[in-house]
Amino acid sequence: MSFSFGVQKDPIYGTYGEFAIGSDGNRVRAQFLLTKMKPGSEGSWENSLASQMVPWREIFNIEELTFDELLQRDLDDSRVAHDLIPYLLGESGAFARFFPPILAVLVPNKPERSGILSYYPIPENQNDTSISFGNLFDFEKAVIQGEVSPLGLIKYNRQKTAFIIVDGQHRAMALLALHRQINDSWAGNRYATYYNHLSLTENQVKNIELPICIVFFPDLHEGNQEYKDRGIDLKSVCREIFLVVNKTAKRVSQSRELLLDDEDFAARMMRETLSKLKGRGEDTASLARIYSFAFGDSISEAQNRKSEVVAGQLEYSTAVALYKMHAAVAFANPDAFKLEQLQDIITDGRRVVNTERPTAILIGTSLQKWSSLSRRSGKYHPPDEVQQAVKYLAEITDEVILSLFDKFHPFAVHNSEMRALRTRLQDPALRGDPIQAKCYSLLFEGSGVRTVFEDHIKRLKDRKDSLEDEGKSIGDYIINQLNDAQATSTQVNRYEEDIKKRRAAKLFNIDYSRFFTSEDNIEDQKELLNRSKWIYDTISTQAFQLGYLMAVHSVVEIFMQPDSKYEDRLNIVKFINNLYLNALNQYFSSDSNTEHRTLTGFVKESRTKVFDPNELGLRGLLAQSVKELNETQWIFFRYAILEIVHSKYSSEALLTFLNNPDNSSLSQKYRELLPELVNSLLNLRDGYIKKAVDSALNSKEFNQEILLLKAGLKGEGKSDEEINEQEQQKRNQTETSIRDKCRENISASLGKFTEADKIIDRISKQSSLENVNSESVE
Amino acid sequence: MKNEQRQFQGGMQIARIPQISGLYAWYYKPLLLENANDLTKTLTSFLDNQQEIKTQINMRYGVKLISESPLNIFYGSNNQSLAEIFSEAIQYGENFITHFFKSEAVQFFTRPIYIGIAKNFYTRVYQQHYLSLVEMWDDNSRISKYLTLHPEVNVQIVMTELNLSHSFALEARVRNIAPRDLMVHIFPTDNLPQEIGTDDEDMQSEQKYRRTLEKLLQIIADPICGRR
C-alpha cells in the first residue's frame, strides 16, 4: 500500500507505542517505533536506516548552524573510533555487546538543506490505523487477521527527512562509520581519517544490530495553530527530550546545557549574541567571528577552571563568558553597578536573579507591563514576548561587548589577521592538501573539533604504546595516522605562532616581514611577543571583558532615573561605550603612523606594560596585593579601564568625542557627573593602594623582619619604649616605600599620578587639548 | 548635594541610600500608571483588610456555639465598599488620580505602607527590605510558588503556612506590590537612642526600646502594614 505515488519511500518495521512530553499545559503527543538497524552491504532496510544516521556536521557548516542544531555537533570521533567500534566488533574483550536504543526524531529537512522545518506537513488520509505526512513519511499499524496488531511500519522519504539523534549520537556514529567503511562510502569525508584504520570484513559486522527508537509527533503539523501559538515546534521538543534524557543520564556540560536551556533568559540572550556573530558578511575583516568564541564542551570548561584564560588559544571569549555577561547586566543586584562596591556579586550565576532590574530596563517598551521578571521564567510567558524581551535585554550587553570584540584595537587586529589566514587557507590549492584542509577545520570550525583531534592523537599514541608493550607489531596504519596527525598538529601550531607574530607586529606598528625574518634580533622578537602576549592574554579573560562591560553599565547607571526609558538607556549605553572605546583605542595604539623595522616606537612606551604583572603598571599595582588573576577581578578591571580612559594618554580621543556637537547633550551631562565619577575612581585607587600596604605589612616576611629587629634591639639592651619607636619607624618606612611603589605603578600606566581636580579640569574644559599636551610626564 | 537626597525609588537608587541611621517610611508610588484600575486593585488589597469575627459560647455539657463571620468594611451613609468608592472616584477624576499618584504629593497625602527605624539605612532598607522583596518575587521562591497556588491569601496565612516571620518584604509581596513601585522616604538622624540595638531582623523583637519607639511612631504615622 502506498499513499503518494511517484515518491520513493523506504520502510522501517517495528513495534509502535506512544508517550507524551511536556508539562500539563504544553503536553505533546509522541509516537514511536522501536526497531533495529545494522551496518552492511546487503541493501536491506536495516542497512538503509544505518546509512541515515548522519551527523549534522556533514550537512551544514558551522556558520550556518543554528544553536538548536548544535546539540548534534560536538561528536568525539576519536572516542567512537577507539572505544565504541572495537567494543562493537568484539575486540575489547567485553562479552555482552549491547547498547540501549538510540533515540532519534524523524523530522523534515528544509528544502534548501540548511536546517530542519519546524512542523510536519498537514497529515492526509488519517484513520485509526494509518497516517500520512505527504511525501515525507507514512506510519501504519499492521492489521493481522483483521485485528490491529502492535506491529507498525514507517515509510520515509530519504531525501526529505532527517533523523535528529537526541540520545546516542556516538553509538549512531559508530554504526554509520562501520556501514561506510564496509561500503566504502565515505566519499571524501573529512572525518574519514578517524576511521580509515579499520579494516573490516562483511563477516565481522554480520552480527551487529543496534536497537533504535524512532519518534515522531503526529500533532506538530502545519495545520495545528494551537502549538504554533504556543511556540512549540519540532526543534523545541527535540531539545526538551535531549535535556531530559541527558539530565537523567550523564550530566551535560555547562556550555551544552546553556545552548539548550529555554528557561533561563540569560542562556537565551547568549544564543542571541552567538546568532549575531554567525553569518557575518565578508566585507569587514576586522569584525569578530564565531570561530573566536569557544562553545564546545571541553575547552570552555577548561577555560572556566583556569584562572588565566587559555594561553595559546586563539579564541578570546566563550559562550559561558557571554552568558555571565548577559546575566550580570540584566539580572544583577543594583549594588553590582556601584563603582565603589568591591564585592563580586555577579560571577556566581545562581545568585544573579534580581527580578526588578529587567523590568527597570524594559520601561518604555511594550513589556513594561511586567512588574517583575524572573530569570528562569523563559517558558512561562508567551513565546513572542519572551523573544522580544530577550532581544531588548540582550541588546544592551551586545552593544557594548560586540563592539569591544569588533572595534577595540587589539581585537580588531587579531580579527583581521585571523580572517587573512582563513582566506589563505581557503585557497583551492591548499584545501586540496589533506593536512591543510584539516588545519582549516581545526582553526575555524569550532573548538570541539580541536579537542577531539587532540584526544585522537593521544589515543593513537596510547594504542601504539600498548601494542609495543605487548610486543605486537604496530601496523602501518597506526604509524601513518600518527605521522599525519602529528604533521597536522605541527602545522596548526605553526599557524598559531604566525598569527601571534603578525598581530603583535600590527598592534605595535612594526613591519612584520622585515622584523621577523631578521636573524639577529631574536631577543627583540621575544620581547615583542611578550608585550603582545600580556595584552592579549589579559583582554581574553572574563575578568577584563566583564570589567569593561560593567564599567560602561556602572557609568550608565549614574545617568539613569527610576523611570528612564529603554531607548534612553540604549542611547546612553552607546554614548559611553563609544566614548570609552575611542579612549581605549587611543591608549592601545601608537601615536604615530610610522611603521618600524626594529623594536622601537609604541612598544617601548610604558603604557604597553599596563597588563604585565612583572612590570610597572596597573596590573603591577594589583599584583602588590593580589597574585592570581581570576574572574572575580573584574572589579579591578572596571577600575583600571576607568583610570585608562581618563588618563592623559587617552584624553585626546576622549575630548574629541565629548566635544563633538552630535553628542553635546550627553557630553554635557557626562561633564556634570564627572566629579562624582572621578571621586569614586580616586577612592578606588586609594583602596588598591591601601590593600597593597596592608598586604605588605601583614606579609610573613615583613613580620619576620619586625621580629628580628625587635630581637636585635632587645639584645642591644634597648628599652621597650625605644623598641616600639623603632618598630613604628620601620612600619612607616615600609608603608612609605610601598606607597611610592604604588605611585610608580600608577604613573607608569597613566603617565602621571593625577589628582581628582586635574582630571576633572582636563575633561571639563571644552577646548583643553593643548593643555593636555603640555602636561609633563613624570 | 547627593547626601541630601531623601527619596529613593527603584533598586539603583535604593542601593545608593546612605549608610547612616534614622527613620524610614515606605510609600506606594506606582512607577508606571497606565490606567487607574491597576491602582484600584493594589490599593483595595491594602486597605480592604479582610477581618473576621469569631464568637464562641461555651455551654453546659461541653456544648459550644461557634460563629465565624467575615467583616466587610463599608463607608459612608450609602454603605459603599472600598472598590465602589474607587470606581466612582475614578469615573469622575481619573486624570487627577493618576496625576496625584505620580506626583511628589504621595508622601504627604497618603499613609505610609510601613515605617521603621534603621541603624544603617543601607543594611535595613536595601539589604533587608529591597533585596528580600526582589527575591520573593522570583518565580522559584517559596512564596511565589505558594501565592500562585493560593492567590487570595493574606499575610497572616502565608506566615503560618510557610513558617515565616513578619517582614515588610512579605507584606509587599503578598499584596503583589512590585519593588519598582515602592518609594522610600528617609529621615536621617544621629539622635536615636543607643538602646535601639542593631538592625538584625531576628533580634529586633528583643529590643525593648526599639519596640517602644516603634509603637509610638506607628501610632502617630498609622502605617498601612503596621504591626497592630
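Below, chain A is the first sequence line, B the second, and so on; all start at residue 1. Quick caveat: nothing in here was measured; it's all calculated off a predicted structure.
In this structure, A/Arg375 CZ and B/Asp138 CG are separated by 10.0 Å, a value rounded to the nearest 0.5 Å. A distance of 14.5 Å separates CG of B/Leu32 from CH2 of A/Trp370, quoted to the nearest 0.5 Å. Rounding to the nearest 0.5 angstrom, the gap separating the CD atom in A/Glu356 from the CG atom in B/Leu31 is 8.5 Å. In this structure, OG1 on A/Thr355 lies 8.5 Å from CG on B/Asp139, to the nearest 0.5 angstrom. Atom CG of residue A/Asp563 and atom NZ of residue B/Lys102 lie 9.0 Å apart, to the nearest 0.5 angstrom.
Atom CD of A/Gln388 sits in a crowded spot, with more than 12 heavy atoms from other residues, nucleotides or ligands closer than 6.0 Å. Heavy-atom contacts from other residues, nucleotides or ligands closer than 6.0 Å to NE2 of B/His99 number 12 or fewer. Environment of CG in B/Asn163: sparse, with no more than 12 heavy atoms of neighbouring residues, nucleotides or ligands closer than 6.0 Å. The neighbour count for B/Lys119 NZ, taken as heavy atoms of other residues, nucleotides or ligands under 6.0 Å away, is above 12.
Side chain of A/Lys338 to main chain of B/Ala15: a donor-acceptor pair is present (N/O by atom type, distance under 3.5 Å, no hydrogens or angles).
When all heavy atoms are compared, the tightest approach of B/Arg180 to A/Thr359 is NH1-O, 3.5 Å. Nearest heavy-atom pair across A/Ser372 and B/Trp137 is OG-CE3, 3.2 Å. Of all the heavy atoms in A/Phe337 and B/Met12, the pair that sits closest is CB-CE, 3.8 Å.
Considering only heavy atoms from C-beta on, A/Pro334 comes within 4.5 Å of B/Tyr126 through its side chain.
Neither the backbone nor the side chain of B/Ile177 comes within contact range of chain A; no heavy atom of the residue lies under 4.5 Å from a heavy atom of that chain.
Counting heavy-atom pairs under 4.5 Å between each of A/Lys369, A/Arg376, A/Glu557 and chain B puts A/Glu557 at the top. Comparing A/Ala360, A/Ser374, A/Ser377 by heavy-atom pairs within less than 4.5 Å of chain B, the highest count is held by A/Ser374.
Side-chain contact check for B/Tyr122 and A/Asp335: at least one donor-acceptor pair (N or O, by modelled atom type) lies under 3.5 Å.
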